[in-house]
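In what follows, a structure is listed as structure tokens, so that the remarks can point back to it.
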Amino acid sequence: KTLSQNFPTRYYTTSSSVNAAEWILQQYQANGKNYPDFSVSKYQHSWVEPSIIARMQGTTHPDEIIILGGHIDSTSNFRTSNAPGADDDGSGSACVLEVARAILNSDFRPERTIEFHGYAAEEVGLRGSGAIAEAYKKAGYDVVAMMQLDM
């Protein structure tokens, strides 16, 4: 509800999209504040909206990464038009946040590292996820599974 009502647009070049990304980051921080080996960071791009990466360190196979992602941005025909994006992709982002909240407020400790991604600039060519995927490939990260929730 917050993503679609408090941010009139999340078009990737607007200040409202930056505010939405910051709100998502704060949700992860609040839910993970008591969880061991948990971190949240912004992934900066060449445009203003950052992607958000929350990370639960794995216990047995920490170098193997499982990713659950959704995108932060929304779109419309004009970047200044109202584009609350309740379905695309507020629903996916909300699901990723809720899965993280449930896990972070439990006694579950993953064997593999789990990352929760909020991607920027997906509506304009999958730019946020593409940049992160390329960086992970270049760094040699072992991503063993990925699920993208988009609508």
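- Taken from CE in Met56 to CG in Asp37, the straight-line distance is 9.5 Å, to the nearest 0.5 Å.
- A salt bridge between Glu134 and Lys137 is absent, with no side-chain N of the basic residue lying under 4.0 Å from a carboxylate O of the acidic one.
- The distance from the CG atom of Asn31 to the CD1 atom of Ile103 is 11.5 Å, given to the nearest 0.5 Å.
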Query raised in the report: Which is it for Val48 and Ser15 under the side chain to side chain contact (heavy atoms under 4.5 Å, CB included) test, yes or no, and what are the steps along the way?
Result: CA-CA 8 Å; Val48 296; Ser15 61; over 6 Å; no
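- No continuous path of ILVMFWY side-chain contacts below 4.5 Å connects Val40 to Ile132, so the two sit in separate hydrophobic clusters.
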**Report entry** side chain to side chain contact (heavy atoms under 4.5 Å, CB included) evaluation trace for Tyr43 with His117
**Finding:** CA-CA 10 Å; Tyr43 188 96; His117 290 193; over 6 Å; no
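- The side-chain heavy atoms of Ser51 and Lys42, taken from C-beta on, include no pair separated by under 4.5 Å.
- One finds the NE2 atom of His71 at 8.5 Å from the CG atom of Leu126 (value rounded to the nearest 0.5 Å).
- Ile72 is listed as a side-chain neighbour of Ile24, based on a closest heavy-atom distance under 4.5 Å.
- In this structure a side-chain-to-backbone donor-acceptor pair under 3.5 Å is missing from Glu64 to Thr113.
- Arg112 contributes atom CZ, which lies 9.5 Å from atom OG1 of Thr59 (distance to the nearest 0.5 angstrom).
- Atom CD1 of Ile67 sits about 5.5 Å away from atom CE of Met146, to the nearest 0.5 Å.
- Taking every heavy atom of both residues into account, Tyr28 and Leu97 meet most closely at CZ-CD2, 3.5 Å.
- Within 6.0 Å of atom OH in Tyr136, more than 12 heavy atoms from other residues, nucleotides or ligands are found, so the atom counts as buried in its surroundings.
- The hydrophobic cluster containing Trp23 also contains Val99, counting ILVMFWY residues as joined when their side-chain heavy atoms lie under 4.5 angstrom apart, directly or transitively.
- A donor-acceptor pair shorter than 3.5 Å cannot be found between the side chains of Gln148 and Ser129.
- Of all the heavy atoms in Pro110 and Gln57, the pair that sits closest is CG-O, 4.1 Å.
- Hydrophobic cluster membership differs between Ile53 and Met147, with clusters built from Ile, Leu, Val, Met, Phe, Trp and Tyr side chains linked at under 4.5 angstrom.
- The minimum heavy-atom distance between Ser46 and Arg127, with the atom names listed, is OG-NH2, 4.2 Å.
- Contact between Trp47 and Ala120 at its shortest, heavy atoms only, is NE1-CB, 3.5 Å.
- Counting heavy atoms from C-beta outward, Val144 and Ile65 have side chains that stay 4.5 Å or more apart.
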**Report entry** side chain to side chain contact (heavy atoms under 4.5 Å, CB included) between Leu25 and Ile52, worked out
**Finding:** CA-CA 6 Å; Leu25 180 134; Ile52 303 298; 4.0 Å; yes
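- Counting all heavy atoms, side chain and backbone alike, Gln44 lies closest to Pro50 at OE1-CB, 3.8 Å.
- Under the 4.5 Å side-chain criterion, counting only non-hydrogen atoms from C-beta, Phe108 is in contact with Ile114.
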Requested in this report: Output, in order, the C-alpha distance, side-chain angles, deciding distance and verdict of side chain to side chain contact (heavy atoms under 4.5 Å, CB included) for Glu115 and Tyr141.
Outcome: CA-CA 12 Å; Glu115 291 186 353; Tyr141 291 173; 5.7 Å; no
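- Atom-to-atom distance recorded for Ser17:OG and Glu22:CD is 12.0 Å, nearest 0.5 angstrom.
- Minimum heavy-atom separation, Ser93 to Gly70: OG-C, 4.2 Å.
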